[in-house]
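Letters A, B, ... mirror the listed sequences (proteins, then strands); counts begin at 1. Just the heavy atoms: all of them, side chains too, but no hydrogens, waters or symmetry mates, feed the values below.
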Amino acid sequence: MTTTTTELTGSGAAPGAAPARVAKRRNGGGLGTYLLIRFLLIIPTVFILVTTVFFLMRSTGDPITAALGGRLTGEQLAERVREAGYDRPLLVQYFEYLGNVFTGDFGTAISDNRPITEMLTTFGAATLELVFYALIVAFLVGIPLGRLAAYLRDRWPDAVLRVFAIVCYATPVFFFGMLLKLVFAVNLGWLPVAGRASTGADIQLQQLDGSTGIYLIDAIRLGDGEVIADVLEHAVLPAIALGLLTAGIFLRLVRTNVIGTLGMGYVEAARSRGVAERRLLKKHAYRPALIPIITVIGLQVALLLSGAVLTETTFEWKGLGFQLTEYIEARDFVAVQGIVVLLAVIVAVTNFIVDVIAALIDPRVRY
Amino acid sequence: ACGGGDDGGGGDSGGGGGTLTIGTTDKVTTLDPAGSYDNGSFAVMNQVFPFLMNTPPGSPDVEPDIAESAEFTAPTQYTVTLKPGLKWANGNDLTSSDVKFTFDRQVAIADENGPSSLLGNLDSVETPDDTTVVFNLKSENDQTFPQILSSPAGPIVDEDVFSATELTPDQEIVDGNAFHGQYVITNYDLNNLVSYEAYPDYQGLLGEPKTAQVNVKYYADASNLKLDIQEGNIDVAWRSLSATDIEDLRGNDEVNVVDGPGGEIRYIVFNFNTQPYGAATPEADPAKALAVRQAVAHLIDREELAEQVYKGTYTPLYSFVPEGLTGATEPLREKYGDGEGGPDAEKAAQVLEAAGVQTPVQLSLQYSNDHYGPSSGDEYALIKDQLESDGLFAVDLQTTEWVQYSEQRTEDVYPAYQLGWFPDYSDADNYLTPFFRAENFLGNHYENPQVDQLIAQQVATPDPAERTALIEQIQDLVADDLSTVPYLQGAQVAVTGADVEGAEDTLDPSFKFRYGALSKG
Amino acid sequence: MSTATSSEVAPAPAPAPRADRGWKTLPLVRQVRQSVGLQRGMLVAGLVLSALFLLVAIFAPLLAPYEYNQLRDPSGAFGAQQEPSSAHWLGTTVGGYDVLSRVIWGSRTALYVIVVALLLSFFVGVLLGLVSGYFGGWLDRVLVVLCDAVYAFPSLLLAIVVAIAISGGESSLWGGIMAAAIAITVVFIPQYFRVVRAETVRIKSEAFVESAKVIGASHRRIMFRHVLRNATRTLPLILTLNASEAVSTLAALGFLGFGIEPTAAAEWGYDLKRALADVSSGIWWTSVFPGLAIVLVVLGLTLVGESLNDLADPRLRTRRRAVVTPADVAETTVVPGGALGAGPGGLGGLQDRDDGRRFAQ
Amino acid sequence: MSAGNPVVGIENLSVSFATDIGTVDAVRDVSLGVAAGEVLAIVGESGSGKTVTARSILGLLPETALTRGAILLNSKDGGSTHDVVTLRGARLGEVRGRDAAMVFQEPSTALNPVFPVGWQIAEGLRAHGKYSKREAREKAIDVLRRVGIPDPEHRVDHYPHQFSGGQKQRIVIAQALVLDPGVIIADEPTTALDVTVQAEILDLLRRCRDEFGAAIVLITHNMGVVADLADRVAVMYQGRIVEQADVRSLFSAPQEPYTQQLLAAVPRLGRGVARTRERAAARPAGWQEATPVVSARDLRIVYPGRLRQPDFVAVDGVSFDIRPGEVLGLVGESGSGKTTIGRAIAGLTKVTGGSLQVLGTEMNGVREKAFRPVRERIGFVFQDPASSFNPLLTIAEAVAEPLVVHRRARDARAARPRVDELLEQVQLPKAFGDRYPHELSGGQRQRASLARSLALEPALLIADEPTSALDVSVQARVLELFDELQREHGFAALFISHDLAVVDLLADRIAVLYKGRLVEEGTGAEVLGAPRHPYTQRLLASLPVPHPDEQARRRALWEQLRAADGG
Ligand SMILES: Nc1ncnc2c1ncn2[C@@H]1O[C@H](COP(=O)(O)OP(=O)(O)OP(=O)(O)O)[C@@H](O)[C@H]1O
Ligand SMILES: Nc1ncnc2c1ncn2[C@@H]1O[C@H](COP(=O)(O)OP(=O)(O)OP(=O)(O)O)[C@@H](O)[C@H]1O
Ligand SMILES: [Mg+2]
Ligand SMILES: [Mg+2]
């Protein structure tokens, strides 16, 4: 929810951003070097985030008191805090945590004893599935409409589309989700209220050998048409809620960048040679706009995850974001910290991948 | 498992063939009894693990479950005899060795989320033979011990599946089929979906379950649970529906709302040192301090709190031991307010005036906004409003995150503050010992030697009638002192589809929701 | 009419940055005047919504029929979840408050949070960006990596973490506002940092900064007299966009339970969270109004911000069409989507051109 | 006027733009004709409407433009005539590129960075007919070869960034040529290029006409280019055509006062010789021995490479002196290191090797603190007058900055009398002090810039291409002013320019820089009259002079040189 608009500012600057990076890369030698350095940059990023999150979370006190404070007497509590090592100097704990994180151990939730890394596999798949659906919606809605808006620039359909885009990200996901549920699940009864599958389907999916956790894949492997339909039905509303949020941003992003490239000399040059307007839009302006679009879309991953937290909560989509709010509610700060750091790693890695894709698309870098 | 699609699409309302789907907002921490001490986990354990003692439907008191008999064979010796030939669902024998294993490991693991603290009075466990277990206790005649055997510390586990020294992962328990209860778990997806199947060899107190197959769906958001029960997607909705939802569902013909007494209570704690005129304040004066507490008790309108904030999902509480438990009385109803449960501003004013307290009394009142549900804010806004509306109090209402709250409340930071209590087992003692003995968990500097002595006495009184009398006397005494002012008692509410029966049988003061009691017509 | 009348007169003076042409050059007024057609429509719509928000926030005590934490009036308690009526135009909430009053008072809370968050992040971000961009070196590199890391982080999560860290204390009105504001600040600082730093780096290599250096001006003088004010020109638009973001972040925090308690202040996200359960029971008024309030405020502020962005960006700005008299219509050449960039000979004054460079390549 | 039928006929064209500040009339009542195979040059100062006229031929004006009049385009075969002003949509697309094609000023922006050049060339073909992929590719390769791209079979798949600036412009021209248009409109096709590259592009354009039979509309403000290529010239001023004539008569006998003025303002090689001699004569004895103001010995400036990239040596082993009161002109093509040297002297770029003495201070390893007092005695005039002023300060405040910084005045207000004096010296009205930079024209701004640099009475002035952003006529006046001020104040100066003629006009001595090395140094007469280094020779030969006959001779010489190079 929150990065929304600033990304947009970013998007204004985006067409500049990519070439600037390109320039840097070209100074920096080959693509290989660039990718290596870009990859190494993940480390400080993650390091900074781990550090920030650790100290912020621990500034409130130790997680045991947070989770169990109410139930135990002071002595019992102190005993447990001591056992878990939370009474040692913060720095000692920090370095220990750091060491653990770099060996892939993100800790274990206090409230239910689950290793955080295990959550990546159990809930990560659900989040991945949701994000995947949402991206489909976002791409299907945002990109064509963005192009349309750029094409019909400054006419009324453009204004309508832009207001639509803004409304998409001005509406809090939880509010929008609630309205969707009310209309489509309760009043019309077309779609299920929440969850990833109905009970029967859920049981079948779970008992499937070697289930991936991605229900759609599992359902297809199961080969039961009804289960597939059931899984898809459950995905519709969350995908729309999260997808439209992102679609609004994509729309705006595509519009801005395509208008930007439409004004570039090379489009003008192609126009001067009689290339038709439609083709200018579809090829000459769109392709170059794609590079900054992809770069900024990469930054949207962060936003998408923020949105996913709220969407998953609204629709009981049991993914990482859902789990995060659960742990927040339980004040299980070890788990919160673990998931947050996990998400940070995901974001850092995704951004890296997106940058690589952008670099590969950009011929200035590829050659 | 491809035979699915029994009643296809999205509306698989429990399915035919004796399947029941229950929705809940509870959360499971872990299946391992040593690692969890919460309602959600305990609810699962109640279906699938055997207990030595258990509460029969409709009563708060305990009886042998998989035991044939259980009794004090000496003041510090509690002997339980198991039924012969018990078997775990995986075929292992269920013997006294499992029982010893269970309690030894509870104590050994002492997990921070676990209930091992309940076993504080347990010294050692002996197994003279395969069916006999002897519990050696530290204090004599502990009348709560049978209750403890039915509490979260009590589920017996299979020593061949569980680890003696650490928590056993849920999946191992499920894979090991280490169950012996009305049900066994056939499919387990933590906090999402759990499927149960009746266990044919269960021979305990509860008998054969009425429904052979039960699925439990876990919800995080009560409104989703509500929508699903309303849409008929599930058969039973259990726990934590919001007050609004329940009220709405009451008006819905397609579902039944079933109420039962709840064990959860809410109360205001006074810190005897820092409350107005408290012992550590400059103008310390025990009489005035008592007058302030009494004025609060006079002014609180429990009816309004229960109705406006909780829409009847909580009920007014006029005692320290909630209604439904053996020995519960309502001393506060007569002693304070209009004598019929309502508030009385007049009396409050008189009390204060008689003690020479200047009004309005400045009272700092603290509550936690994140521990007792989202309605705490409304609850305390209303209490503040009630205390202030006659000009007797000026309340400085503050809220704190639970982490700090739980630290600061025992550090004498809060003169008066909110707390809630959910019992470990359904015995009146669980509402007395933790609160009113000299060294209590409230840490509010309340001390009444007589009360202290009486509490100690009732625990060790084997005769039920005698004990009940003592408990009543304690309540009366505390009602005079007002160490705390209890005001609400949670109700258990289950919502069932119109064709589901049996919910009322299990909504009893044992606070154990047993799926086996439910059936679908 | 300034087409070169003599070769020594500037081709098309852009409006002066200072108000030497009176009110017409005041920031927003200037943009409204600059805009045309639908772009102006959107800007004005955004301004109206934002102004409405501001007015409601400022005059909340006068507008709201009750206090935000009022549960009863002389005629008795309001009661919870009462339907809209003449006494409570928008009904009452689950906690028994008047919805209209809470919506109105909520604007004030939102405004407080916006103001505090923006002030904090503005000063910290701008200062850091300026120093970092100007001096470069290892500090700059560290700050850039730091800010990039924070920037790439899901901002809501960060806000949650910060809120957890801060709200450990009591959540009085200001405690709550500060918690939300600081949480938002932490998310915003990198944004200001990035923008100001990028601008500073760009301006640092501009000839006028070099000329100040050649003259021998001290770093401080260059930074504050020459770089700072030029580097902060795009900030108004970021400010508006961030303001809207602050509102949604505040709402999201409130929704997730890091809000301000109802007795301390009215907060839309909190009210919405509390109202979620109502919706399924047919009680729509408790959620729809705070929800709408959020949507409208964010919409208004975003419209303003985006319009400012478009106006500052020569590629995106709509220009007035040639004045067409009916007789001329047949002769008008319209190239769909065609646009002459504001090249050296184009109309853009210095100011527009600079922006153009920033947003273009 | 040549005999062929006109391929373009512009009749009473007027164009106006709607802008924030009202309607701007860019072109007023222009009538022009271009005959087949003819090169028509449109000249005029900046903003006179050249580009707008050219663009309107292709209907490439933005929506804010209102066009009146008629523009008749004849197809090359003479088969059809269209009035571009009334054409819309697809019909307009048909005409564009086929009847008239455009070559843009900036080759780097006219090429799409993400498509191979061959594809971009083929796009034009695709818009005007059916071609298979192979056919289009063959045609692209063919046209690339014809515009002189080596190894076109291979290069056709390359992306724009893989070509040099000159090659890019060739590709842009190829894009126009492949459609075989009746007329090519070239809007300042060489302004972004070095003189030596410019000569080659002009040569290519000539071949366009000769080999492809295209008429050319050439827009430029370089009179040398006009003399080199044009058959006929139209002079624009304030949106109108003030004079039209064939190239010889225009240069030999301009009719309109404006044209005369314009031609007079063009700097010509060799004019400075007399002046230099005169100045040299006026110098006191012993001047030769005076300590140089600037003295460079084996100066080496390296830009550190980033990320394992090799360092870039921008200036390599350069030695020169500037004596008091002397003007040293520094020329060289783009990227040769001129600016770098100027900046090093002003302490803006670090010296990495050798020695550079500036007013007695060694710049190699100098500390900013130690150098600050020296700054007082150095003035600097930047290339772009638009960006060298803080847009938020008034001219007076900006000019007062050096005075305030060096505590000659408490603040800008207190410095005002001195500022007014300075403005007067550069012939600006005092009232201009209260204006903001953007409210001044380029020439005025550059004057103000001079005023600022002179505020502290410097002993050394560094001028980095101070006139390259200005129109010829404006440039002439600024140069004149510079000369006057230099005489008056007697400062030593480093005058950087890429225009030999300009340097010749002002400098006592000229230094030629080539790829970071000083290849030649001497008086104007020595360097321009008898260049010794082949690069200087080539540079001189590629410089078009504003005289058609003279230029024809020089072109012959250049072609010789080039042939020799090639062989
Ligand atoms: N898109 C536009 N909107 C408004 N005015 C414009 C636009 N394009 C050009 N003009 C104005 O029209 C006039 C003529 O501009 P034009 O670009 O034709 O000049 P030019 O002769 O090509 O100058 P230069 O030598 O600088 O390229 C100028 O005053 C310019 O400001
Ligand atoms: N900051 C820098 N970092 C790296 N390389 C640089 C930097 N500045 C200039 N260069 C390189 O140094 C070389 C000389 O640049 P310089 O600006 O001195 O050339 P110039 O002769 O002034 O050219 P022009 O006529 O285009 O102004 C160029 O190749 C340029 O790319
Ligand atoms: Mg031009
Ligand atoms: Mg230069």
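Counting all heavy atoms, side chain and backbone alike, A:V137 lies closest to A:L244 at CG1-N, 4.2 Å.
Of the possible donor and acceptor atoms, one in the side chain of D:R96 sits under 3.5 Å from a partner among the backbone N and O of D:L58. Between the D:Q120 side chain and the D:Q175 main chain, no donor and acceptor come within less than 3.5 Å of each other.
Chain A forms the most heavy-atom pairs under 4.5 Å with one residue out of D:V103, D:N112, D:T109, and that residue is D:N112. Put simply, of D:R126, D:R98, D:H158, the one with the most heavy-atom pairs under 4.5 Å next to chain A is D:R126. By number of non-hydrogen pairs under 4.5 angstrom with chain A, the leading residue of D:A127, D:A100, D:S108 is D:A127.
Using a 4.5 Å cut-off between heavy atoms, D:E94 makes no contact with chain A at all.
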Inset, instruction - List the steps, then state whether side chain to side chain donor-acceptor pair (under 3.5 Å) holds for A:Y266 with A:T261. - result: CA-CA 8 Å; A:Y266 47 78; A:T261 44; 5.3 Å; no
